[in-house]
Amino acid sequence: MRLLITLMLFVALGGSAGAAETVDVKLVLAVDTSGSINGEEYALQMNGIAWAFRQADVIAAATNGPHRSIAVNLMTWGDPDDKKYDTGFHIIASPADAEAFAKLAEKDYQRQGGGTGIGIAVAYGLALLNNSTITAPRQVIDVSGDGRESWELREPKFKLANAQVLRAAMGVTINGLAILHFEPDLADYYRANVAGGPESFVITIANYQEYAEGIHRKLLMELESPLAMLQP
């Protein structure tokens, strides 16, 4: 129980606020920048996100819901003890908005390195959602990575299971993009431990060269979900 309270306080206190607005989907893109990610792989992720948001079908999916807009926050995560970096929530309601966010994704954000702290990354993503004044009928954390949680054996408060309790209480969906070049069975781990919530799913890519295609496909699945189109 003490471990759950720790994460609850983290969710209550963390995050950044956005403008008071209602959108169809509020999305946190949680990108792995731990020690297993080299500079080239980091760039492939960021450039892949930028490319995806420039695609006409993604822009259409983002702007075809009842509110004609989504809110996206790009967050990098790695070692649990290191600072997390996020862009803040940005409203995508037009091709110009999507282009502005794509340019933001291409910036060289500081990489975390160190261990693979998925549990604390999910908790941080929940804090970002919880502390934004933007409202949405569907809230999603999009976790991409190439390894299992490596920290919770040393620091039980970072357990993914505890973060999942908070996720369920908040009604948030977590989807996974498992990159299999180190661990061919990583998708099974993501399905059992990372993904959760309404219409959650896990997709796989073989390596970082496929990241752009993978995140493009994942965004379409998230934004075209029937739940994303529900009237509030």
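Residues: numbered from 1 along the sequence shown.
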Worked check of side chain to side chain contact (heavy atoms under 4.5 Å, CB included) between I141 and T173:
CA-CA 6 Å; I141 299 177; T173 294; over 6 Å; no
Audit row: T116, E149, side chain to side chain contact (heavy atoms under 4.5 Å, CB included) steps and yes/no
CA-CA 5 Å; T116 305; E149 169 71 58; 5.9 Å; no
Please report the C-alpha distance between L129 and V172 in whole Å, then the side-chain angles of each, then the deciding distance to 0.1 Å, and finally whether the side chain to side chain contact (heavy atoms under 4.5 Å, CB included) criterion is met.
CA-CA 9 Å; L129 292 169; V172 173; 3.8 Å; yes
Check the pair L180, I205 against side chain to side chain contact (heavy atoms under 4.5 Å, CB included), reporting the backbone distance first and the verdict last.
CA-CA 6 Å; L180 308 181; I205 57 175; over 6 Å; no
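In terms of modelled atom types and a separation under 3.5 Å, the side chain of W77 and the main chain of A30 share a donor-acceptor contact. A donor-acceptor pair is defined here as one N or O able to donate and one able to accept, closer than 3.5 Å; such a pair exists between the side chain of Q45 and the backbone of D32. For the pair S200 (side chain) and G197 (backbone), a donor-acceptor distance under 3.5 Å is present. In this structure, D146 contributes its side chain and I179 its backbone to no donor-acceptor pair below 3.5 Å.
M170 and M75 fall within the same hydrophobic cluster, defined by Ile, Leu, Val, Met, Phe, Trp and Tyr side-chain heavy atoms under 4.5 Å apart, directly or through other members. When hydrophobic clusters are built by joining Ile, Leu, Val, Met, Phe, Trp and Tyr residues whose side-chain heavy atoms come closer than 4.5 Å, directly or via intermediates, I59 is not grouped with V140.
Between H90 and F101, the ring planes are tilted. Angles from 30° to 60° get that label.
The shortest distance between side-chain heavy atoms of V31 and Y85 does not fall below 4.5 Å. Between L104 and L74, the closest side-chain pair of non-hydrogen atoms is not below 4.5 Å. Residues L177 and T204 are not in side-chain contact: their nearest non-hydrogen atoms beyond the backbone lie 4.5 Å or more apart. Side-chain contact between L219 and F53: present, with at least one pair of heavy atoms (C-beta onward) separated by less than 4.5 Å.
To the nearest 0.5 Å, the span separating CG on L160 from CZ on R167 amounts to 11.0 Å. Interatomic distance, CD1 of I37 versus OG1 of T76, reported as 11.5 Å (0.5 Å rounding). If you take CD1 on I215 and OG on S144, they are separated by 5.5 Å, rounding to the nearest 0.5 Å. Summarising the geometry, atom CG belonging to L126 is positioned 6.0 Å from atom CD1 belonging to I174; distances are rounded to the nearest 0.5 Å. Rounding to the nearest 0.5 Å gives a distance of 11.0 Å between OH of Y124 and CD1 of I120. Note that CD1 of I49 is 11.5 Å distant from CG of L44, once rounded to the nearest 0.5 Å.
A donor atom on one side chain and an acceptor atom on the other are found under 3.5 Å apart for T135 and T22.
Evaluation of the ring-ring contact (aromatic ring centres under 6.0 Å, His included) rule for H216 yields W51 as partners, not counting sequence neighbours. A search for ring-ring contact (aromatic ring centres under 6.0 Å, His included) contacts involving Y211 returns nothing, not counting sequence neighbours. Residues meeting the side-chain hydrogen bond (donor to acceptor under 3.5 Å, both in side chains) test with Q139, sequence neighbours left out: K26. For S94, the side-chain hydrogen bond (donor to acceptor under 3.5 Å, both in side chains) test picks out D97, with sequence neighbours left out. Listed by chain and residue number, nothing satisfies the side-chain hydrogen bond (donor to acceptor under 3.5 Å, both in side chains) test with Y190 (two or more places apart in sequence, or in another chain). In this view, A62 and I70, I92, L223 satisfy the side chain to side chain contact (heavy atoms under 4.5 Å, CB included) rule, not counting sequence neighbours. Partners of F201 according to the side chain to side chain contact (heavy atoms under 4.5 Å, CB included) rule, which considers only residues two or more places apart in sequence or in another chain, are N175, I203, K218, M221, E222.
The minimum heavy-atom distance between G115 and S34, with the atom names listed, is O-CB, 3.4 Å. Taking all atoms of both residues into account, the shortest heavy-atom contact from A102 to A50 is O-CB, 3.3 Å. Between G117 and P80, the closest heavy-atom pair is CA-CG, 3.7 Å. Contact record, A195 with V202: CB-CG2, 3.7 Å, taken as the closest heavy-atom pair. Closest non-hydrogen pair, A163 versus G119, comes out as CB-O, 3.8 Å. Between E21 and S69, the shortest heavy-atom distance links the atoms OE2-OG, 4.5 Å.
For residues 187-198, the pairs satisfying salt bridge (Lys or Arg N to Asp or Glu O under 4.0 Å) are D188-R191, with sequence neighbours left out. For residues 126-135, there are no salt bridge (Lys or Arg N to Asp or Glu O under 4.0 Å) pairs, not counting sequence neighbours. Applying the salt bridge (Lys or Arg N to Asp or Glu O under 4.0 Å) test to pairs two or more places apart or on separate chains, those with a residue in residues 202-216 are E213-R217. Legend: salt bridge (Lys or Arg N to Asp or Glu O under 4.0 Å) pairs involving residues 41-69, not counting sequence neighbours, sorted by first then second residue: R54-E99, R54-E106.
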